[in-house]
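Please read all numbers here as calculations on a predicted model, not as lab measurements. Residue indices begin at 1 and follow the sequence shown.
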Amino acid sequence: MNLSVVRVALRRAIDARGGLGAWRCCLAFVLVTAAAGSGVARAAVAPATDVVTVAATPALAPIPADYLGVSLEYNTVSAYEGTPPTGVNPVLAQLIRNLAPGGVPVIRIGGDSTDWTWWPVVGMKRPPGVNNDLTEAWAAKAQALARSAGARLILGLNLEAGSAVVARMEAQQLLAAVGQGLIEAFEVGNEPQLYPLLPWYRLPDGTLQVGRPLSYNLSDYAKEFAGVANTLPHVPLAGPAVGHSWVDQIAPFISSAPGLRIVTFHAYAINKYGAAFRGRNCSTAVSDPSHPTVSTLLAPFASEGLTRDLPQLVALAHRRGLRFRIDELNAITCAGTPGVSDSFASALWALNALFAIANAGIDGVNIHTWRASAGKLFGFSRTGGEWSASVRPEYYGLLMFKRAAPAGSRLLATSQTVKAAVDSWATIGADHATRVLLINYSLTNAKSVRVQLPRPTAARATLTWLRAPSATATSGVTLGCQSFAAQTLTGELAGPACVDSVRPVSGSYSVQLPPATAVLVTIPN
């Protein structure tokens with residue numbers, strides 16, 4: 001059996017012990033008749049109207065322009081980015097720019113491939129767990145990607161090799177070849193909590209070997225981190241790149257790690273027992289609670305647990321002048337689950353998760369997209385020198401988040417009277433517009449919602465819909481009536497855009513949400 005398959009099959013199951021990684025009578029409501037003209041199905045009226053009341057005062061600092069980015073494996077860059085200068089992939093660059101309009105997106109390059117990769121050291125034998133060599137050609141691709149997307153990079157450094165020389169060579173060569181101005185930080189290792197548990201290489205006799213002894217803990221990692229920092233003075237570092245199973249050990253690391261600039265954490269949707277959903281490479285039975293379904297992915301617990309135990313760590317990082325970033329996030333580990341990871345349910349989950357993470361004061365998120373995963377955001381092909389992309393449903397959820405929480409906007413608290421399968425989030429933008437996002441998680445029932453602002457207004461609100469044929473749909477997703485179709489040559493939504501509108505009644509706005517649908521209610525200043 002291929003060792004990488006063994007490792008991927010096991011890599012996240014361990015976090016199930018600690019978990020990895022919602023929420024949110026009745027006056028007559030106004031049915032949005034314009035919705036029928038734009039293709040919104042008329043569904044049965046819910047028995048009770050959920051009144052969503054928006055608070056008057058923003059609770060947190062503005063959402064950063066670089067809040068949302070992507071995470072790629074080292075070999076994914078090789079596959080997705082062409083050879084400079086003529087082969088650069090403009091579609092990938094545009095899809096990344098879409099997530100940080102007007103800002104500088106952050107691309108994290110790492111994941112499992114962090115510790116399977118090195119920059120060859122003259123006179124040193126390749127470490128046994130390494131199967132990928134970095135070269136000037138690879139660095140040119142990373143540089144081209146960063147420049148074309150207007151992005152900065154977080155680059156993973158191999159720690160499992162147990163050699164500060166390996167880490168130093170990798171960092172020095174990448175600084176020289178990619179360019180210091182394009183590098184946000186170097187992330188030291190990847191998920192070190194798994195080093196003592198998952199095989200890193202195989203001996204000639206077939207025996208699987210792990211990278212660290214069973215006694216290895218975050219304190220040991222911190223010492224290795226400091227050793228790398230001492231060989232790379234004045235180079236910004238990120239870490240510890242762990243999940244919830246080591247969360248209770250992170251505070252001392254944040255308080256003392258030399259060279260640390262970004263605290264990084266990993267999270268995936270969780271089941272009702274607090275364990276990470278595990279995908280096809282973990283081979284969980286359908287009856288196993290770790291086996292995800294569309295309905296469990298849309299359940300409150302799948303989003304609620306993402307930030308548990310994190311607010312105090314975020315506050316500690318901020319007191320030290322550090323940023324806190326979940327630089328690996330997605331719905332389902334172990335290469336995802338077909339029919340769930342690639343369904344419209346993943347878009348609704350991601351939309352809610354991004355707001356939950358912002359609400360915890362976290363500075364940024366990178367959605368992990370691995371080209372062999374059912375949960376990848378997109379895939380690429382090239383014919384006759386022309387790139388095209390297929391865009392998965394989850395990516396539409398990311399775009400909806402950017403519309404609901406544009407850079408510089410601040411979260412407003414909401415309260416609900418019913419909260420039956422409906423979540424609500426609200427922001428006040430730099431343009432002083434109030435945006436209220438409503439998500440209906442029910443797979444079968446429409447929901448009626450009335451949005452009430454702190455001060456009555458007569459302004460007409462616009463409604464932008466995120467929808468698909470069903471929660472299980474893997475195609476046919478639209479955002480504001482636009483889509484990427486089966487393939488996109490531009491990386492931009494195409495087709496006529498449309499919005500509905502609704503007038504306030506007694507100062508509030510009433511909306512009917514079909515099953516498995518999200519709508520953005522935008523009220524101008």
Roughly how far, to the nearest 0.5 Å, is the [atom2] atom of [Y] from the [atom1] atom of [X]?
{"X": "Ser409", "Y": "Ile428", "atom1": "OG", "atom2": "CD1", "value": "9.5 Å"}
{"X": "Gln512", "Y": "Thr49", "atom1": "CD", "atom2": "OG1", "value": "8.5 Å"}
{"X": "Asn98", "Y": "Glu492", "atom1": "CG", "atom2": "CD", "value": "6.5 Å"}
{"X": "Ile326", "Y": "Leu306", "atom1": "CD1", "atom2": "CG", "value": "6.5 Å"}
{"X": "Ser303", "Y": "Leu351", "atom1": "OG", "atom2": "CG", "value": "9.5 Å"}
{"X": "His318", "Y": "Phe324", "atom1": "NE2", "atom2": "CZ", "value": "8.5 Å"}

Taking [X] for its side chain and [Y] for its backbone only, find out whether a donor-acceptor pair lies under 3.5 Å.
{"X": "His244", "Y": "Arg308", "value": "yes"}
{"X": "Gln482", "Y": "Gly495", "value": "yes"}
{"X": "Arg371", "Y": "Ala79", "value": "no"}
{"X": "Ser373", "Y": "Gly375", "value": "yes"}
{"X": "Tyr509", "Y": "Leu453", "value": "no"}
{"X": "Thr307", "Y": "Leu310", "value": "no"}
{"X": "Asp342", "Y": "Gly339", "value": "yes"}
{"X": "Tyr441", "Y": "Ala420", "value": "no"}
{"X": "Arg108", "Y": "Glu187", "value": "no"}
{"X": "Trp387", "Y": "Pro90", "value": "no"}

What I'd like to find out is whether the side chain of [X] reaches to under 4.5 Å of the side chain of [Y], using heavy atoms alone.
{"X": "Asp50", "Y": "Leu438", "value": "no"}
{"X": "Val477", "Y": "Ser483", "value": "no"}
{"X": "Ser388", "Y": "Phe380", "value": "no"}
{"X": "Tyr80", "Y": "Val91", "value": "no"}
{"X": "Pro58", "Y": "Leu412", "value": "yes"}
{"X": "Ser448", "Y": "Leu513", "value": "no"}
{"X": "Phe344", "Y": "Thr472", "value": "no"}
{"X": "Val519", "Y": "Leu466", "value": "no"}

So if I apply the side chain to side chain contact (heavy atoms under 4.5 Å, CB included) rule between [X] and each of [options], which one comes out positive?
{"X": "Arg152", "options": "Leu182, Ile107, Val104", "result": "Val104"}
{"X": "Val70", "options": "Asn366, Val106, Ile96, Ile109", "result": "Ile96"}
{"X": "Leu377", "options": "Leu398, Leu95, Val391", "result": "Leu398"}
{"X": "Thr462", "options": "Thr522, Asp500, Ile523", "result": "Thr522"}

Taking all non-hydrogen atoms of both residues, which atom of [X] and which atom of [Y] are closest, and how far apart?
{"X": "Pro236", "Y": "Arg261", "result": "CB-CG, 3.6 Å"}
{"X": "Pro62", "Y": "Gly408", "result": "CB-O, 3.6 Å"}
{"X": "Thr464", "Y": "Met400", "result": "O-CE, 3.3 Å"}
{"X": "Leu316", "Y": "Ser255", "result": "CD2-OG, 3.7 Å"}
{"X": "Pro515", "Y": "Asn440", "result": "CA-ND2, 3.6 Å"}

Practice task
Would you please indicate yes or no on a ring centroid separation below 6.0 angstrom for Tyr395 and Phe484?
Solution key: yes

Parallel under 30°, tilted from 30 to 60°, perpendicular over 60°: which one fits the rings of Phe401 and Phe355? perpendicular

Please check if any side-chain donor atom of [X] sits under 3.5 Å from a side-chain acceptor atom of [Y], or the reverse.
{"X": "Thr490", "Y": "Gln94", "answer": "no"}
{"X": "Arg325", "Y": "Thr264", "answer": "no"}
{"X": "Asn89", "Y": "Glu81", "answer": "no"}
{"X": "Ser346", "Y": "Ser343", "answer": "no"}
{"X": "Ser71", "Y": "Glu328", "answer": "no"}

- Task: Take Arg467 and Thr517 through the test side chain to side chain donor-acceptor pair (under 3.5 Å) and record every step on the way to the result.
- Result: CA-CA 5 Å; Arg467 57 196 178 205; Thr517 303; over 6 Å; no

request  = Please step through side chain to side chain donor-acceptor pair (under 3.5 Å) for the pair Asp327 and His368, ending with a clear verdict.
outcome  = CA-CA 8 Å; Asp327 71 342; His368 194 58; over 6 Å; no

